> 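Structure in structure tokens, see below.
Protein chains get the first letters and strands the later ones, always in sequence-line order, with residue 1 at the start of each. Everything numeric in this text was worked out from a predicted model, so none of it was measured.
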There are 2 protein chains.
Amino acid sequence: MPADLPAYLQIAAELRGRIVAGELAPGAKLPSESRLMTQFGVSNTVTKRAIAVLKAEGLVEGRHGSGVYVRRVRRLVRDSQGRDQRRRSGPTSPFARDVTSSGQRPAWEHESAEVGCPDAIAARLGVEPGDPVLRTRYRYLADGSPIQLATSYEPLAITRGTPVELPEDGAAVGVVARMDTIGVRIDECVEEVIARAAHPDEIERLHLPSAGALMMVVQRTYHAAGRPVETADIVMAADRYQLRYRWPVD
Amino acid sequence: MPADLPAYLQIAAELRGRIVAGELAPGAKLPSESRLMTQFGVSNTVTKRAIAVLKAEGLVEGRHGSGVYVRRVRRLVRDSQGRDQRRRSGPTSPFARDVTSSGQRPAWEHESAEVGCPDAIAARLGVEPGDPVLRTRYRYLADGSPIQLATSYEPLAITRGTPVELPEDGAAVGVVARMDTIGVRIDECVEEVIARAAHPDEIERLHLPSAGALMMVVQRTYHAAGRPVETADIVMAADRYQLRYRWPVD
DNA sequence: CCGCAATAGTTGGTGCCCTAACTTTGAGTC
DNA sequence: GACTCAAAGTTAGGGCACCAACTATTGCGG
């Protein structure tokens, strides 16, 4: 039906159809390159390209020397409701709650450094570029495999000399609670969501299967009395996440 | 630095670096395929692949017969605050407000039909699959070019026989106001955000430059007194949009 | 000066080939 | 049975050569 579409897109569409129809279930192996060549009567150039399209879409994943398999995707819900209003039991960190509520085991690494504020961050924090800020890099793991990165910036003008200058177990507690202990009452959260391709370092740190992976980036900024007190870039593989926002109307 | 990276990724990284550094400004033309071949000492296979990577990332755009150019991206902010609480002047439709506030001219087309409720939608609306729903397909334009698609579903059990059974100028008014006129008070909005590759029909309807484009999909559901009364899939080109959410903490 | 046609340059798509590296399988041995 | 090892199958990366279609430029004729 899609008449004059290039061959590699036709083959990609055909395979995509089989996948979304469930005919090729998650974990199933796609026909091999050579089999596709004979089945569709094209050269390897075309079959390679077709498969590359599906890889870029995150639908399939190639295993070197073995085959190309339909990915089993299990989306983790990142829920912004309940987030930062910790009435219930369980972990107080947003990430830990999302992971445990999907039945997985959370873990994280972090590393802090005092740096001069980068331009893009300065605009978000309302400080001058180069002002001293504490940058903390997090890597979050679910069941042992990395699924989320975050880079947080806090103006040292706020936390310098306080017990929470370093976020030690920051990821376990959350910024809101930490700031609260030094009398900074966070009252508003703004999140900006964009989607883009993965950067090379993200591919490495998240163990993504090669290039072209899609990422979702949440630029979160916490405000206290109208002034930004913390901002973070939270980046996650787009095909493993789903963001949920909820608010009252009227 | 990334030593043993494949050649096509090295070249892609090199060009990407020049682009983000501003050395290759938006609108600038990349070196031609043959120039890259001689400059990097590789075959056309490699240069083609490198450029394909950048295209998939949405950084560049090929113009047949002319060259490959750095895309000028201008992100439209889709703000969920103020959205659906219409105190201020101007358009009452969420989309129209987003577009006008960025200085562009909004327009849209829509087309409605009564259909049996698809499975995935039935789960979101809390009705049985096959139940009669009104499906409305929108296409939104900014300055004449299509940038957003939406498909909305309303159970006809709610609107049948009322003045707002058909959303006529629905996009101009917004669902909340329409429902309000028939006494259905929408009190909560839930949005689920996912990112994925574009489907073929979306590529066509949004005039996207070929395949592999990234899309953001917002699955929005309106509730009235705890029951879903409308749900919509809002899909937009990821590189032209930025979603903003804002809520009070504590 | 204007318009037109030839021409050179460019992208998009494809075919065919090769090598390296990895996985799976099966045969054969201990 | 367990273990080794070779062979077959597979992906990943790359090279070279075409052709079609489109664009930009240039030179020529009026």
Side-chain angles (χ1 to χ4, degrees), chain A residues 2-15 24 27-71 200 203-204 207-213, chain B residues 2-15 24 27-71 200 203-204 207-213:
Chain A
D4 51 348
L5 222 52
Y8 75 96
L9 286 181
Q10 283 183 42
I11 296 178
E14 159 76 19
L15 294 172
L24 283 168
K29 185 169 151 187
L30 263 61
S32 78
E33 219 178 76
S34 48
R35 197 178 301 271
L36 289 174
M37 284 169 63
T38 62
Q39 270 183 16
F40 289 95
V42 295
S43 73
N44 69 353
T45 310
V46 170
T47 63
K48 273 179 200 280
R49 263 191 99 167
I51 290 177
V53 168
L54 299 180
K55 281 184 196 158
E57 294 179 4
L59 276 179
V60 302
E61 159 193 27
R63 289 180 219 155
H64 195 160
S66 171
V68 177
Y69 298 82
V70 180
R71 291 187 59 181
I203 292 175
E204 190 187 353
H207 301 164
L208 298 177
S210 86
Chain B
D4 52 346
L5 223 53
Y8 74 95
L9 286 182
Q10 285 183 41
I11 297 179
E14 159 75 19
L15 294 173
L24 282 167
K29 184 171 151 184
L30 264 60
S32 78
E33 218 178 79
S34 47
R35 199 178 299 272
L36 290 174
M37 284 170 63
T38 61
Q39 271 182 16
F40 289 94
V42 293
S43 74
N44 67 355
T45 309
V46 170
T47 61
K48 273 178 198 281
R49 258 188 106 165
I51 290 179
V53 168
L54 299 180
K55 280 184 197 161
E57 294 179 4
L59 275 178
V60 302
E61 157 192 29
R63 287 180 222 156
H64 196 164
S66 171
V68 177
Y69 298 82
V70 181
R71 291 186 59 180
I203 292 175
E204 190 188 350
H207 301 166
L208 298 177
S210 83

> Quick one: A/Leu5 CG to C/dG12 C1', roughly how many Å, whole number?
13 Å

> Between A/Phe40 and A/Thr47, is any pair of side-chain heavy atoms under 4.5 Å apart?
no

> Are any protein N/O atoms closer than 3.5 Å to N/O atoms in nucleotides 10-12 of chain D? If there are, list each pair with its distance.
residue	atom	partner	partner atom	Å
D/dT11	OP2	A/Glu33	N	3.2
D/dT11	O4'	A/Gly65	N	3.4
D/dT11	O2	A/His64	NE2	2.9
D/dA12	OP1	A/Lys55	NZ	3.3
D/dA12	OP2	A/Lys55	NZ	2.5
D/dA12	N7	A/Lys48	NZ	3.3

> Can you tell me the distance, in whole Å, between the CG atom of B/Leu36 and the P atom of C/dT10?
11 Å

> Taking side chain as C-beta onward, heavy atoms only, is B/Leu59 less than 4.5 Å from B/Val70?
no

> Could you measure the distance from the CE atom of B/Met37 to the CD atom of B/Glu33? Nearest 0.5 Å is fine.
7.5 Å

> Rounded to the nearest 0.5 Å, what separates atom CD1 in A/Ile51 from atom NZ in A/Lys48?
8.5 Å

> Quick one: A/Ile11 CD1 to C/dG15 C1', roughly how many Å, whole number?
13 Å

> Please figure out whether A/Tyr69 or A/Asn44 has its closest DNA chain C nucleotide nearer the 5' end.
A/Asn44

> So does B/Ser43 get a side-chain nitrogen or oxygen closer than 4.0 Å to the phosphate oxygens (OP1/OP2) of D/dG15?
yes

> Are A/Leu15 and A/Val60 packed together at the side-chain level, in the sense that at least one heavy-atom pair is separated by less than 4.5 angstrom?
no

> Within a strict 4.5 Å, meaning less than it, do heavy atoms of the A/Glu57 and A/Leu54 side chains meet?
yes

> Measure CE/B/Met37 against C1'/C/dG9 and give the value in whole Å, please.
14 Å

